[in-house]
Each structure stands twice: as structure tokens, then as C-alpha cells.
Amino acid sequence: MTEDIPHDLPTLWVFVLVTVILGGGAAWMTGAGIARGWRPFWQCLLALLLVAAVARFLHYALFEQPLLSGMGFALDAMVILAIGAASYRATRTRQMTTQYRWLYERTGPLTWRVR
């Protein structure tokens with residue numbers, strides 16, 4: 001029965017569960033929280049790298065994957081940074097267009113422009 005399952009399928013499901021769902025949810029909340037505090041984006045990057053490190057640890061602790069995998073951390077970090085950056089930008093766009101609506105107008109979910 002186990003011969004029918006491709007070797008990478010369990011790894012893919014672990015990646016989706018830990019990195020995309022758990023890490024992505026934490027990244028979304030981190031990006032939005034840092035943006036709501038009017039902090040600069042570089043602080044968001046540092047926090048998201050820590051979230052990626054925690055996701056790599058969860059891969060190791062729960063599913064016996066390598067802890068110090070450079071490629072694993074890079075992949076986790078890319079996904080988590082993308083989700084967190086999108087959240088930061090969406091929150092900042094909402095802030096700029098609601099608090100300064102006489103000055104800025106929304107041009108998309110992640111952008112605004114001067115009126």
C-alpha cells in the first residue's frame with residue numbers, strides 16, 4: 001500500500017500544514033500588527049524571519065524533518081515573508097486611505113495614490 005504513495009507527498013502535506021497554514025497565519029497577523037503600530041517594514045522582516053525559524057522548528061519537532069536545512073529554511077522564509085509582506089502592505093493601504101482619505105485614495109488592494 002505504501003508503494004503507491006509518492007515519496008514527496010507526505011512532505012508536501014507537512015509543508016502545507018506547517019508553513020502555509022500555521023506559519024502563513026502567524027505571518028499574516030505579524031505583518032498586520034506591525035503595520036497597525038506604524039512601525040517600519042524592516043521590523044516586519046525581522047519578525048517574519050523569526051516566524052520562519054519557528055516554522056522550521058515545528059517541521060523538526062513534529063515531523064522529524066532536518067532542523068538545520070538551509071533549503072528548507074529558505075523555502076519556509078520565502079513563503080512566510082511573502083504572506084507577511086502582503087499583510088503589512090494591505091494593512092498600510094487601509095490605514096492610509098481611511099485615516100488620510102482627503103489626501104490618498106486606494107488604487108488596489110495593496111496600493112494607494114495621492115488625490
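In what follows, residues are counted from 1 in the order of the sequence shown.
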Please name all residues satisfying side-chain hydrogen bond (donor to acceptor under 3.5 Å, both in side chains) with Arg113, sequence neighbours left out, ordered by chain then number. Glu105
Under the side-chain hydrogen bond (donor to acceptor under 3.5 Å, both in side chains) test, which residues partner Ser69, sequence neighbours left out? none
Identify whether Leu49 and Trp42 are in the same connected component of the hydrophobic contact network (ILVMFWY, side-chain heavy atoms under 4.5 Å). no
Let me check something: do Leu48 and Phe41 share a hydrophobic cluster, defined by ILVMFWY side-chain heavy atoms less than 4.5 Å apart, either directly or through other members?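 Yes, same cluster.
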Checking Thr98 side chain against Arg94 main chain: does a donor-acceptor pair fall under 3.5 Å?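 Between the backbone of Arg94 and the side chain of Thr98 there is a qualifying donor-acceptor contact (under 3.5 Å).
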ring-ring contact (aromatic ring centres under 6.0 Å, His included) involving Phe63 - partner list, sequence neighbours excluded: none
So which pairs with a foot in [range] pass salt bridge (charged side-chain N to carboxylate O under 4.0 Å, His left out), sequence neighbours left out?
{"range": "residues 84-93", "answer": "none"}
{"range": "residues 60-74", "answer": "none"}
{"range": "residues 15-34", "answer": "none"}
{"range": "residues 17-28", "answer": "none"}

Taking C-beta and beyond as the side chain, do [X] and [Y] meet within less than 4.5 Å on heavy atoms?
{"X": "Thr111", "Y": "Thr93", "value": "no"}
{"X": "Leu81", "Y": "Val51", "value": "no"}
{"X": "Arg56", "Y": "Gln65", "value": "yes"}

Whichever hydrophobic residues join Leu67 through chains of side-chain contacts under 4.5 Å: Phe57, Tyr60, Leu68
Side chain to side chain contact (heavy atoms under 4.5 Å, CB included) filter on Leu62, not counting sequence neighbours, yields Leu58
Set of residues satisfying side chain to side chain contact (heavy atoms under 4.5 Å, CB included) with respect to Leu103, sequence neighbours excluded: Tyr100
Donor-acceptor pairs are to be reported for all side-chain atoms of residues 17-40 against protein atoms at under 3.5 Å, with residues two or more places apart or in another chain.
| unit_1 | atom_1 | unit_2 | atom_2 | d |
| --- | --- | --- | --- | --- |
| Thr19 | OG1 | His59 | NE2 | 2.9 |
| Thr19 | OG1 | Asp76 | OD1 | 2.7 |
| Thr30 | OG1 | Ala26 | O | 2.7 |

Closest heavy-atom pair and its distance - [X], [Y]:
{"X": "Ile80", "Y": "Ala52", "answer": "CD1-CA, 3.7 Å"}
{"X": "Tyr104", "Y": "Met96", "answer": "CE1-CE, 3.3 Å"}
{"X": "Cys44", "Y": "Gly84", "answer": "SG-O, 4.3 Å"}

